[in-house]
Asker: 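Please find one structure pasted underneath; my questions will follow.
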Amino acid sequence: MNKLALCGGIPVRKSAIPWASTMGEEEKAAVVKVMESGNLSAFLGRAGEQFLGGPRIKEIEKMFAGKFGAKHSISVNSATTALHTALAACEVGPGDEVLVTPYSMSATASAILMNNAVPVFVDICSETYNLNPKEIEKWLTPQTKAIMVTNLFGLPANLPEIIKIAKQHGLYVIEDNAQSPGATIDGKQAGTFGDLGIFSLNYHKVIHSGEGGIILTDSDKLAYRCQLIRNHGEVALDDLNDDDTVVLGSNYRMTELHAAIGIEQLNKLDGFLIKRHALADQLSRGLKRFLGLEGVTVSEGYEHSYYVYPIQFNQDIWTIKRAVFAAAMKAEGFPLGEGYVKPIYLMKLYQHKRVYNQTHYPFSFIDQPVQSYQKGICPVAEEMYEEKLITADVCRLPYTAGDIEDFLTALEKVWQGKEELRAYEKNNLTCS
């Protein structure tokens, strides 16, 4: 095997695979049509026909509801505002606690704070990286109002078990399905198990419109509340003389432009997923020949959508640190993610418990918060972050089967060069 690129050898690939746009002529034509109409947004923040938006908004909502099998679909301008809206629709607020994974993008938990409630972090499963149902019971208190579940990397959490626990305790379940459109459990779409499901149209997701989000629900009441929160609902309630509903709305509205792009992207979702599955299956087969690298675990009945491909790295078998392994792969033309994200509760915001100015609200609103956010409360998430997890963004366009073979070739080269890497790690400068 040739000398490692990290140590001065020739890389398997001279440059990393570039980012590729999934936009095509269909999206361009859709944007032009909206531009020519002159109607870039048809929302009006008053009760009436325009309160629910214009023709593209209504079309994308109808398409998402039909595609994923939900009664209602509510478009918003991001998945972050979708999370905030969903929690507010469930009337989560001061004095409430929401169980949530620590291993997700920060917005999953920040949305809880934005509703003036307190996140309580539940550890993850080492095989799926999703919230572990077996860890839920120990964090339940009389203040627990909901469970926020993230379907991470393209794989649904153990939603049947989580839903079962939630029903036993009268809790709402909100699915953060931003990374897993098209994933399923026994044929049922991820994002439709909970009371509300959140989809993302952010630019680096499986499908996107630059920015945007979708909320799915089968509840008439929750859909109504989401629609109000999205569009200055306090004004609409005044118009409607609705004295029973309490919401504070905002401008979380999607534009006609973003909706037009999202419609065309949704039409392409199945094709994108077929390609992602093929690349992921090829990678999974190839990884089996390497000790110390564990690929995706997909339980029977589950369907993955492969937003990214997670790999567990065993430092004891490789006898080098994960950072050195990642540096070696990057030098060969395949940059990898290390650890995904720091467990959210270790962020300064949670360590200092300061969100609003110099106060400790909303943490101080609960007399005896169940969780202190100290290191060690979610050991599996911490282990994945600090030592084990690697993410490979290799299942997207423009990757091909040939690129996956190159990736596996790079792995083989790095495996054969372990002695060089041990020396590199020892002096951190040169190879023997």
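Starting from 1, each residue takes its place in the sequence as its number. Atoms considered below: every heavy atom in the structure, side chains included; atoms not considered: hydrogens, waters and symmetry mates.
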Asker: What orientation do F121 and Y350 show, parallel under 30°, tilted 30 to 60°, or perpendicular over 60°?
Answerer: perpendicular

Asker: Would you give the length of the straight line joining atom OG1 of T150 to atom CD of Q179, rounded to the nearest 0.5 angstrom?
Answerer: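 If I round to the nearest 0.5 Å, the distance is 8.0 Å.
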
Asker: Where the side chain of R225 meets the backbone of A88, is there a donor-acceptor pair that is under 3.5 Å apart?
Answerer: yes

Asker: Quick one: does any side-chain atom of R276 pair with a main-chain N or O of H304 as donor and acceptor, under 3.5 Å?
Answerer: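 Not confirmed, R276 side chain does not pair with H304 backbone.
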
Asker: Checking side-chain hydrogen bond (donor to acceptor under 3.5 Å, both in side chains) between N151 and each of T101, D176, N130, N177, which is the one that passes?
Answerer: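 Per the side-chain hydrogen bond (donor to acceptor under 3.5 Å, both in side chains) rule, the option paired with N151 is N177, out of T101, D176, N130, N177.
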
Asker: Under 3.5 Å, side chain of N251 to main-chain N/O of R253, donor-acceptor pair present?
Answerer: yes

Asker: Going through the distances and angles, do E211 and N202 end up as a side-chain hydrogen bond (donor to acceptor under 3.5 Å, both in side chains)?
Answerer: CA-CA 4 Å; E211 296 288 354; N202 175 261; 3.1 Å; yes

Asker: Just by distance, with hydrogens left out, do N132 and D123 show a side-chain donor and acceptor under 3.5 Å apart?
Answerer: no

Asker: Counting distance only, does the side-chain N/O of Y345 pair as donor-acceptor with the main-chain N or O of C378 below 3.5 Å?
Answerer: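 Yes, because the side chain of Y345 sits within donor-acceptor range (under 3.5 Å) of the backbone of C378.
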
Asker: Let's go through K167 and I163 carefully: what are the C-alpha distance in whole Å and the side-chain angles of both, what is the deciding distance for side chain to side chain contact (heavy atoms under 4.5 Å, CB included) to 0.1 Å, and is it a yes or a no?
Answerer: CA-CA 6 Å; K167 286 182 177 179; I163 298 292; 3.7 Å; yes

Asker: Between K413 and K3, is there a donor-acceptor pair closer than 3.5 Å when you use the side chain of the first and the backbone of the second?
Answerer: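 Indeed, once roles are kept as given, a pair shorter than 3.5 Å links the two residues.
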
Asker: Quick check: does any side chain N or O of E303 sit under 3.5 Å from a backbone N or O of G182, one acting as donor and the other as acceptor?
Answerer: no

Asker: Report, as yes or no, whether the 6.0 Å neighbourhood of atom NZ on K388 holds more than 12 heavy atoms from other residues, nucleotides or ligands.
Answerer: no

Asker: Quick one: CG on L196 to CG on L87, what's the gap to the nearest 0.5 Å?
Answerer: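 Interatomic distance, L196 CG to L87 CG, rounded to 0.5 Å: 8.5 Å.
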
Asker: Run R230 and E61 through salt bridge (charged side-chain N to carboxylate O under 4.0 Å, His left out) and show every step you take.
Answerer: CA-CA 14 Å; R230 167 181 67 181; E61 290 179 347; 2.8 Å; yes

Asker: Does F272 reach the side chain of R396, with side-chain heavy atoms less than 4.5 Å apart?
Answerer: no

Asker: Enter the distance from K67:NZ to N267:CG here, rounded to the nearest 0.5 Å.
Answerer: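 So the NZ of K67 and the CG of N267 are separated by 9.0 Å.
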
Asker: Would you confirm whether the ring centroid of Y129 sits within less than 6.0 angstrom of the ring centroid of Y103?
Answerer: no

Asker: Please state whether the rings of W318 and W415 are parallel, tilted or perpendicular, taking 30° and 60° as the class boundaries.
Answerer: perpendicular

Asker: Hey, could you give me the CD1/CD1 distance between I229 and I74, rounded to the nearest 0.5 Å?
Answerer: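 One finds 10.0 Å between CD1 of I229 and CD1 of I74.
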
Asker: So does K275 have more than 12 non-hydrogen atoms from other groups sitting under 6.0 Å from NZ?
Answerer: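 Open.
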
Asker: Check this for me: does any side-chain nitrogen of one of K321 and E338 sit under 4.0 Å from a carboxylate oxygen of the other?
Answerer: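 A salt bridge is absent here (no side-chain N lies under 4.0 Å from a carboxylate O).
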
Asker: Rounded to the nearest 0.5 Å, how far does OG of S180 lie from CD of E175?
Answerer: 9.0 Å

Asker: Return the CG to CG distance between D403 and L283, rounded to the nearest 0.5 Å.
Answerer: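 D403 CG to L283 CG: 12.0 Å, rounded to 0.5 Å.
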
Asker: I'd like to check the ring pair (Phe, Tyr, Trp, His ring centres under 6.0 Å) partners of Y307; sequence neighbours left out, ordered by chain and number.
Answerer: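 Applying ring pair (Phe, Tyr, Trp, His ring centres under 6.0 Å) to Y307 gives none.
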
Asker: Report, as yes or no, whether the 6.0 Å neighbourhood of atom NZ on K330 holds more than 12 heavy atoms from other residues, nucleotides or ligands.
Answerer: no

Asker: Of the non-hydrogen atoms in S106 and M347, which two are nearest, and what is the gap between them?
Answerer: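 Looking at all heavy atoms of both residues, the closest pair is CB-SD, 4.2 Å.
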
Asker: Should the pair E59-K62 be classified as a salt bridge under the 4.0 Å nitrogen-to-oxygen rule?
Answerer: no

Asker: If you compare all heavy atoms of L222 against all heavy atoms of A89, which two are closest, and at what distance to 0.1 Å?
Answerer: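 Result for this residue pair: CD2-O, 3.4 Å.
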
Asker: Name the orientation class of the two ring planes belonging to Y399 and F334 (parallel below 30°, tilted from 30 to 60°, perpendicular beyond 60°).
Answerer: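 If you compare the ring of Y399 with that of F334, the planes turn out tilted.
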
Asker: Between S209 and Q265, do the side chains contain an N or O donor and an N or O acceptor separated by less than 3.5 Å?
Answerer: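 No - no donor-acceptor pair under 3.5 Å links their side chains.
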
